[in-house]
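A note on names: the letters A, B, ... follow the listed sequences, proteins ahead of strands, and every chain is numbered from 1.
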Amino acid sequence: MNPIYSRRRRKDFVIRGLCMAAAAFGVTWLALILITLLYNGIAGLNLEIFVADTPPPGSTEGGLRNAIVGSIIMTVLGVGIGAPLGLFAGTYLAEYGRNDKLTSVIRFINDILLSAPSIIIGLFIYGAVVVPMRGFSAIAGSLALAVIVIPVVLRTTEDMLLLVPNALREAASALGLPRSLVIKRIAYRAARSGLITGVLLATARVAGETAPLLFTALSNQFFSLGLNKTMANLPVTINNFVQSPYAYWKQLAWSGALLITITVLALNIGARILGAERTAK
Amino acid sequence: MAVQSDIIDDAGPYDRAKALSAFKLGDVTFYWITRLSAISVLLILGGIIVSLIVGAFPAIKEYGLSFLWTQRWAPSADPPVLGALGPMYGTLVTSFIAMLIAIPVGLGIAIFLTELCPQWLRRPIGMAIELLAGIPSIIYGMWGFFVLGPFLANTFQPFMIKIFDGVPVLGAIFAGPPSYLSLFNSALILAIMVLPFITSISVDVFKTVPPVLKEAAYGVGCTTWEVVRSVVIPYTRVGVIGGVMLALGRALGETMAVTFIIGNSFRISGSIFAPGTTISAAIASEFAESDGLHQSGLILLGLLLFVLTFFVLAAARLMLMRLEKKAGN
């Protein structure tokens with residue numbers, strides 16, 4: 001064979017090999033992280049975690065009940081505040097302002113907020129909510145999470161509504177349906193699974209967020225449901241426990257980490273399956 | 001059917017004028033709800049900028065521009081001496097090393113997924129890579145601290161020191177006592193964290209290459225690598241750079257993972273195996289216990305980080321938008 005041909009072939013072969021190695025590298029990391037989590041976390045995973053509160057330093061009993069409940073409350077509140085705002089804003093971008101100058105500005109800013117460092121969001125809420133309210137609170141934590149939710153939901157809502165064929169809207173308008181009802185009854189229905197995907201992705205994103213909670217909701221050693229007080233939450237509890245010298249705290253941190261990761265990955269996979277169904281149609 | 005009867009019920013049976021005015025009111029209300037929600041995005045950005053500037057103002061007044069090139073960070077001194085050089089250095093170095101690792105690997109995976117991978121394997125592997133982006137950053141931090149750190153300190157660093165011992169510049173880069181907490185450990189974790197962003201955007205933009213172009217190149221006898229290098233990458237260059245910038249924006253601002261493993265040391269050391277700090281790690285580990293000028297200094301660090309990531313992300317978006325326009329034509 002011509003030497004140039006064999007050289008080109010060798011080069012191609014090597015680079016194909018490197019690309020496969022890169023893919024294997026990426027998948028290996030995921031596997032390694034999951035295995036470590038399972039190995040360290042499963043030992044401490046028992047009923048006590050869900051029924052007992054976080055223990056004081058040095059104690060060898062206790063669970064994560066207050067942190068789990070706190071995390072659920074703040075995530076639900078954050079998504080509850082952020083998702084409708086993101087949904088309506090996305091609706092404006094896709095339905096009313098398609099050729100608007102305002103739309104392109106908002107879309108651009110939203111894309112930046114989507115990737116903005118979450119610690120900056122924490123600083124913002126600290127300055128805007130914690131300082132005026134004179135204290136760390138669960139509501140500040142929820143607002144910080146809501147600010148993270150809005151761009152995610154806005155983006156998916158806009159994308160999904162733009163996928164709805166215009167013929168559907170035109171047909172509805174031709175029957176005399178006013179614009180708001182065309183959107184609410186036709187466009188939303190056609191894009192429903194996509195919209196749910198966006199909310200699920202946003203929930204997954206904030207469920208594991210730690211940085212914005214560090215100085216908004218802080219943490220709390222005790223069970224608390226008050227929204228104007230500090231509230232325990234899983235990420236910050238893990239953060240505090242894992243670097244402690246107490247073996248039992250460390251064990252709890254690993255179990256908490258396993259719980260969070262399973263939840264977040266399940267939400268992600270659920271969102272993706274729902275999203276795939278939609279594009280397959 | 002349900003739709004129709006609802007509307008008629010809402011509007012009352014025959015009163016046409018009433019029904020129309022109810023429609024009109026609903027229309028206007030809904031329009032303004034959505035419009036105000038959309039504008040709230042701008043308000044959030046404005047709020048972030050204003051609150052950071054207000055919080056940082058005392059520190060700006062006290063230190064001025066010298067904040068940028070002072071290395072000393074002594075919040076408990078009287079008066080406190082604060083300088084951003086250490087965290088800025090750490091932020092830039094860790095992100096740089098992370099991109100050095102993540103760009104080739106991320107592109108390699110994208111090429112594998114679009115050109116080489118058998119169809120049935122595409123979805124599982126693509127999903128696995130995207131799930132890497134879903135894992136909370138605190139988990140990466142724990143993993144880096146308990147698994148990667150010991151490995152680097154006990155195995156990898158002694159190995160590198162042995163190889164580069166005596167070599168002028170490289171020797172110093174790898175020198176130092178083994179430590180779990182280091183710039184290199186953080187950079188490696190950052191690389192894994194931004195990998196999915198580079199891969200998924202590259203896969204998306206690679207898909208915009210018209211098949212005819214690739215088929216023509218294969219037709220004249222190009223190998224897969226030649227098609228990728230001479231057709232796919234030139235066609236999608238702007239988009240790939242946009243994806244890389246987006247990943248860089250993430251790496252610059254990543255907080256929790258880095259806070260665990262960087263060691264929070266404000267001294268600048270030449271070795272990448274020495275502890276350091278980044279802007280976000282400094283804020284995360286000190287902010288809750290800070291007050292007065294110290295706190296204002298930390299907010300000023302946050303402002304610097306925000307400005308930095310804002311420009312990087314804005315550049316990324318502009319590049320991706322340019323590619324979208326091209327794909328639309």
Side-chain angles (χ1 to χ4, degrees), chain A residues 8-9 11-12 15-16 18-20 22-23 25-27 29-30 33 36-37 85 88-89 91-93 96-97 106 108-113 115-120 123-124 127-128 147 150 154 178-181 185 204 208 210-211 214-215 218 235 238-239 242 257 260-261 264-265 268 272, chain B residues 3 7 23 26-27 30-31 33-35 37-38 40-42 44-45 47-48 51-52 54-55 105 108-109 111-112 116 125 127-129 131-132 134-139 142-143 147 192 195 223-226 246 249-250 253 255-256 280 283-284 287-288 299 302 305-306 309-310 313-314 317:
Chain A
R8 284 174 55 199
R9 259 180 107 166
K11 197 167 178 187
D12 187 56
I15 289 182
R16 276 172 189 239
L18 286 177
C19 288
M20 284 182 207
F25 179 82
V27 176
W29 283 116
L30 183 69
I33 291 172
T36 319
L37 271 178
L85 268 170
F88 286 134
T91 308
Y92 179 81
L93 263 53
Y96 288 115
I106 290 175
F108 186 73
I109 298 297
N110 186 67
D111 281 344
I112 287 174
L113 287 181
S115 318
S118 55
I119 189 129
I120 300 290
L123 284 179
F124 163 51
V147 172
I150 293 171
L154 193 158
R179 192 69 187 273
S180 61
L181 289 181
R185 314 231 175 177
T210 319
L214 278 177
F215 32 81
L218 221 59
I238 294 172
N239 181 48
V242 80
I260 283 199
T261 310
V264 169
L265 291 188
N268 262 308
R272 261 159 241 281
Chain B
V3 175
I7 294 165
F23 279 164
D27 248 16
F30 191 69
Y31 173 80
I33 289 176
T34 59
R35 193 176 159 100
S37 306
S40 76
V41 172
L42 301 181
I44 289 174
L45 181 79
I48 292 176
S51 76
L52 287 180
V54 168
V105 176
I109 299 176
I111 295 170
F112 176 79
L116 303 172
I125 291 189
M127 195 136 165
I129 301 294
L131 284 185
L132 272 179
I135 294 179
S137 68
I138 189 165
I139 308 294
M142 289 170 75
W143 197 78
V147 182
I192 304 166
L195 198 59
T223 60
T224 307
W225 166 238
E226 285 160 355
L246 199 69
R250 289 276 174 158
T255 310
M256 288 323 290
S280 47
I283 301 172
F287 193 84
I299 297 178
L305 177 67
F306 187 67
T309 49
F310 188 92
L313 293 170
R317 286 300 164 189

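- Between A:Y92 atom OH and B:Y31 atom OH the span is 4.0 Å, to the nearest 0.5 Å.
- Atoms CZ and CG, on A:F108 and B:L45 in that order, are 10.5 Å from each other to the nearest 0.5 Å.
- When each of A:L37, A:V242, A:T261, A:I260 is scored by its heavy-atom pairs under 4.5 Å with chain B, the top score falls to A:V242.
- Side-chain contact between A:P117 and B:L305 is present, with at least one heavy-atom pair separated by less than 4.5 Å.
- A:L18 does not touch chain B: none of its heavy atoms, backbone or side chain, sits under 4.5 Å away.
- For the set B:L52, B:T309, B:I125, B:I138, the entry with the most heavy-atom pairs within less than 4.5 Å of chain A is B:I138.
- Across all their heavy atoms, A:C19 and B:F112 have their closest contact at O-CB, 3.9 Å.
- Looking at B:T34 and A:Y96, their side chains come closer than 4.5 Å, going by heavy atoms from C-beta outward.
- Proximity to chain A involves both the backbone and the side chain of B:I48, based on heavy atoms less than 4.5 angstrom apart.
- Interatomic distance, B:I111 CD1 to A:I15 CD1, rounded to the nearest 0.5 Å: 8.0 Å.
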>> Walk me through whether A:L123 and B:S51 qualify under side-chain contact (heavy atoms from CB on, under 4.5 Å).
In response: CA-CA 8 Å; A:L123 284 179; B:S51 76; over 6 Å; no

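- Of the candidates A:R8, A:K11, A:R9, B:E226 forms a salt bridge (Lys or Arg N to Asp or Glu O under 4.0 Å) with just one, namely A:R8.
- When the ring-ring contact (aromatic ring centres under 6.0 Å, His included) test is applied to B:W225, no partner is found at least two apart in sequence or on another chain.
- Atom CD1 of A:I109 sits about 11.0 Å away from atom CG of B:L313, to the nearest 0.5 Å.
- With a threshold of 4.5 angstrom between heavy atoms, A:I119 approaches chain B through its backbone and through its side chain.
- Both the backbone and the side chain of B:T223 come within less than 4.5 Å of a heavy atom of chain A.
- Note: B:G108 leads B:G108, B:G253, B:G26 in heavy-atom pairs under 4.5 Å with chain A.
- Atom CG of B:L195 is separated from atom CH2 of A:W29 by 10.5 Å, given to the nearest 0.5 angstrom.
- In terms of heavy-atom pairs under 4.5 angstrom with chain B, the leader among A:S180, A:A257, A:G208, A:S118 is A:S180.
- With a 4.5 angstrom heavy-atom cutoff, B:V147 touches chain A only via side-chain atoms.
- For A:I112, the parts lying under 4.5 angstrom from a heavy atom of chain B are both the backbone and the side chain.
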> Taking it one step at a time, do B:F287 and A:L214 satisfy side-chain contact (heavy atoms from CB on, under 4.5 Å)?
Replying inline: CA-CA 9 Å; B:F287 193 84; A:L214 278 177; over 6 Å; no

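- If you measure heavy-atom distances from B:I129 to chain A, the contacts under 4.5 Å come from the side chain alone.
- Each of A:N239, A:D111, A:V147 has some count of heavy-atom pairs under 4.5 Å with chain B, and the biggest count is that of A:D111.
- Both the backbone and the side chain of A:A211 have a heavy atom closer than 4.5 Å to some heavy atom of chain B.
- Side-chain atoms of B:T224 and A:R16 form a donor-acceptor pair, as typed in the model, at a separation below 3.5 Å.
- Across A:V264, A:L30, A:N268, a single residue satisfies side chain to side chain contact (heavy atoms under 4.5 Å, CB included) together with B:I135, and that is A:L30.
- The two residues B:L246 and A:S115 come nearest to each other via the heavy atoms CD1-OG, 3.8 Å.
- Looking at B:S37, the atoms closer than 4.5 Å to chain A (heavy atoms on both sides) sit in the backbone and in the side chain alike.
- For a residue to count as touching a neighbouring chain, one of its non-hydrogen atoms must lie under 4.5 Å from one of that chain's; by this rule A:L85 touches chain B with backbone and side chain alike.
- Heavy atoms of A:F215 lying under 4.5 Å from chain B belong exclusively to its side chain.
- Using a 4.5 Å heavy-atom cutoff, the side chains of B:F30 and A:T91 are in contact.
- For B:L132, the parts lying near chain A are the backbone and the side chain together; criterion is any non-hydrogen pair under 4.5 Å.
- Nearest heavy atom pair, residue A:I120 against residue B:G302, reads CD1-O, 3.1 Å.
- Chain A forms the most heavy-atom pairs under 4.5 Å with one residue out of B:A288, B:G249, B:G55, B:A284, and that residue is B:A284.
- Most heavy-atom pairs under 4.5 Å with chain B: of the set A:T36, A:L218, A:L154, A:L93, this distinction falls to A:T36.
- Looking at A:V27, the atoms closer than 4.5 Å to chain B (heavy atoms on both sides) sit in the backbone and in the side chain alike.
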